[in-house]
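Remarks on the structure that follows.
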Amino acid sequence: MKIAVIPGDGIGLDVTAEAVKVIEAIGDRFGRRFELERLPYGADHYLETGVAMPPNGYRTLQKDFDAIFIGALGDPRIPDMRHARDILLGTRFELDLYVNYRPVKLLDARLCPLKGCCPTDVDFVVFRENTEGMYVGVGGRFKADTTNEVAIQEEINTYAGVHRIIKYAFEYASSAARRRLCMADKSNALQHGHALWQRVFQELAPQYPNVDASHLFIDALVMQLVKNPAQFEAIVTNNMFGDIITDLGAQLQGGLGMAASGNLHPGRTSMFEPVHGSAPKHAGKNVANPIGAILSAALMLDYLGLTSEAVAVEQAVAEVVRSGKGPVDIDGTLGTRETGDAIVSALRMPAAAG
Ligand code: NAD
Ligand code: IPM
Ligand code: MN
């Protein structure tokens with residue numbers, strides 16, 4: 001299997017090195033060969049060459065690889081994230097990866113900032129629409145950089161786009177153990193765009209009688225996520241809201257370093273990345289938590305049909321986290337590399353119970 005690896009910027013490089021280590025260890029344990037091709041796209045490459053993504057870059061990613069792994073993008077030298085728009089958002093848009101799948105799963109009670117919360121209370125998935133909404137770049141600036149500036153950023157919601165993400169969420173809910181599906185929008189204020197979310201959700205719900213479909217306005221949803229996360233099993237929402245609530249979800253799991261994601265188009269080459277960014281202040285210091293990246297690699301293995309391999313990674317991560325070992329952001333003492341090593345040894349010698 002051929003995997004494109006784009007470490008990107010900042011801690012993206014640190015955490016990707018550990019995810020690669022884990023993928024290679026999985027290859028050894030299960031007798032599989034993964035062909036990992038490192039691609040240099042990121043801030044340094046962009047500043048050196050002026051090219052964020054080469055011509056044909058997306059086509060190559062789609063045609064020549066079975067999956068794509070990205071570390072993180074973002075560099076203080078490029079404050080408007082031009083390069084990341086091409087590399088990260090470009091990959092999502094050009095490969096039409098319309099499902100941003102972000103599981104939120106607490107592995108150990110000590111990591112949750114909510115009082116008395118245990119792993120069974122925080123275990124849900126978010127389906128974030130990933131190809132439209134506020135992210136389409138439609139808009140412009142008039143009289144830019146003057147005191148009369150007018151800045152317009154449009155939110156695009158299409159029937160086809162809203163329909164396919166909500167349908168995906170319903171299909172998941174009706175076939176998985178998570179039968180409760182909550183759709184979140186802001187249709188009380190955004191009466192055009194979000195009325196479409198309401199319409200499509202109401203259109204699809206009757207087709208899935210075994211799904212417990214509900215709706216919350218996004219502001220109420222974030223309140224409920226903090227008040228009682230146990231009520232949620234699956235959430236579907238738009239691009240921007242999904243971005244925001246999954247940082248909140250990350251913290252429920254112990255922090256941004258713990259959260260994984262898959263950018264999917266069923267049946268096509270898809271992309272996997274931790275939820276966090278490049279955290280420049282931690283870059284290259286062997287302090288970043290690689291677990292979100294490693295769990296993203298597990299999502300990738302699962303997507304590639306390697307279920308036992310994915311489960312083995314998840315079990316190794318859970319074992320390390322529950323033993324109290326791990327990086328400093330989850331109150332451990334290990335560095336990035338040592339955390340990767342601990343997970344690799346848990347993989348090689350799974351605990352008897354695992
Ligand atoms: P960030 O996720 O990079 O970091 C926020 C804070 O969370 C960090 O300062 C750190 O304290 C903590 N953190 C994040 N990941 C961690 C990890 N693996 N281990 C330990 N602690 C971790 O968000 P930011 O500071 O808002 O953004 C920094 C840059 O990253 C910006 O350029 C932003 O645009 C970009 N960004 C990229 C992505 C992506 O590539 N998918 C996602 C979010 C932000
Ligand atoms: C994420 C990030 C990106 C997003 C940024 C870096 C454009 O925050 O993947 O969650 O908003 O999608
Ligand atoms: Mn984000």
Side-chain angles (χ1 to χ4, degrees), residues 6-19 41-43 46 52 68-93 97-102 104 111 113 126-137 153 155 237-251 253-264 271-297 317 321 326-340 343:
I6 305 176
D9 304 326
I11 63 165
L13 282 81
D14 307 339
V15 300
T16 300
E18 303 315 306
Y41 312 141
Y46 175 69
I68 304 154
F69 184 92
I70 296 188
L73 291 151
D75 187 296
R77 294 169 296 173
I78 314 174
D80 65 0
M81 290 279 277
R82 274 189 313 283
H83 70 307
R85 269 205 301 280
D86 284 349
I87 302 164
L88 181 68
L89 300 183
T91 300
R92 291 178 186 167
F93 279 69
L97 307 176
Y98 67 93
V99 180
N100 197 327
Y101 172 61
R102 295 187 158 184
V104 177
L111 301 183
V126 175
F127 296 104
R128 164 187 178 189
E129 200 293 318
N130 214 29
T131 50
E132 44 184 61
M134 296 265 273
Y135 279 70
V136 292
Q153 193 87 41
E155 182 182 298
T237 191
N238 68 33
N239 208 338
M240 177 66 87
F241 295 165
D243 176 43
I244 296 168
I245 64 168
T246 51
D247 266 32
L248 192 158
Q251 197 58 52
Q253 304 168 78
L256 269 166
M258 300 295 290
S261 81
N263 299 256
L264 318 173
M271 184 268 277
F272 300 82
E273 49 164 351
V275 170
H276 65 73
S278 60
K281 69 177 178 200
H282 295 320
K285 295 184 181 156
N286 196 35
V287 295
N289 184 344
I291 291 176
I294 290 168
L295 290 174
S296 302
V317 167
V321 168
V328 287
D329 62 312
I330 55 167
D331 298 333
T333 54
L334 301 181
T336 310
R337 289 189 289 275
E338 292 71 23
T339 303
I343 292 167

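Order of listing sets the numbers, starting from 1, for every ligand and every atom in it. If you're wondering where the values come from, they're calculated on a predicted model, not measured in any experiment.
Among protein heavy atoms, the minimum distance from atom 1 (C) of ligand 2 is reached at Arg102 NH2, 3.5 Å. Regarding atom 8 (O) of ligand 2, its nearest protein heavy-atom neighbour is Asp243 OD1, 3.2 Å. Scanning all protein heavy atoms for the shortest distance to atom 5 (C) of ligand 2 gives Leu88 CD2, 4.3 Å. For atom 11 (O) of ligand 2, the closest heavy atom belonging to the protein is Tyr135 OH, 2.6 Å. Atom 6 (C) of ligand 2 has Met81 CE, 3.7 Å as its closest protein atom, hydrogens excluded (heavy atom only). Closest to atom 7 (C) of ligand 2 among all protein heavy atoms lies Leu89 CD2, 4.1 Å.
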| said: Run Glu129 and Thr131 through side-chain hydrogen bond (donor to acceptor under 3.5 Å, both in side chains) and show every step you take. | reply: CA-CA 6 Å; Glu129 200 293 318; Thr131 50; 2.7 Å; yes
| query | Please walk me through it: do His282 and Asp329 pass side-chain hydrogen bond (donor to acceptor under 3.5 Å, both in side chains)? | reply | CA-CA 11 Å; His282 295 320; Asp329 62 312; over 6 Å; no
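The 4.0 Å heavy-atom shell around ligand 1 contains residues Ile11, Ala72, Leu73, Gly74, Met81, Leu88, Leu256, Gly257, Glu273, Val275, His276, Gly277, Ser278, Ala279, Pro280, Lys281, His282, Ala288, Asn289, Asp329, ordered by chain and number.
Residue Glu273 has no nitrogen or oxygen atom sitting less than 3.5 Å from a nitrogen or oxygen atom of ligand 2, judged on distance alone.
A 4.5 Å side-chain heavy-atom check between Thr336 and Glu18 finds at least one atom pair inside the cut-off. Here the side chains of Met81 and Leu88 are not in contact, with every heavy-atom distance at 4.5 Å or above. By the 4.5 Å heavy-atom criterion applied to side chains, Ser278 and Leu73 are not counted as neighbours. Side-chain contact check for Thr91 versus Asn263: every heavy-atom pair is 4.5 Å or farther apart.
Arg128 forms a cation-pi arrangement with Tyr135, by the criterion of a distance under 6.0 Å to the ring centre and an angle within 45° of the ring axis.
Checking Arg92, Met240, Met134 against atom 12 (O) of ligand 2, the nearest heavy atom belongs to Arg92.
Ligand 2 has no atom lying under 4.0 Å from any heavy atom of His276.
Partners of Tyr98 according to the ring pair (Phe, Tyr, Trp, His ring centres under 6.0 Å) rule, which considers only residues two or more places apart in sequence or in another chain, are His265. With sequence neighbours excluded, the residues that form a ring pair (Phe, Tyr, Trp, His ring centres under 6.0 Å) with Tyr41 are His45.
Taking CZ of Arg82 as the start and CD1 of Ile87 as the end, the distance is 11.5 Å to the nearest 0.5 Å. For the atom pair CE (Met134) and CG (Asn238), the distance works out to 8.5 Å, reported to the nearest 0.5 Å. Of the inter-residue distances, the one linking Ser261 atom OG with His276 atom NE2 reads 9.5 Å to the nearest 0.5 angstrom. The line from CG of Asn130 to CG of Leu264 is 8.5 Å long, rounded to the nearest 0.5 Å.
For a distance threshold of 2.8 Å, the protein N, O or S atoms nearer than that to the Mn ion (ligand 3), listed by chain and number, are Asp243 OD1.
Remark: Arg92 does not engage Glu132 in a salt bridge, criterion side-chain N to carboxylate O under 4.0 Å.
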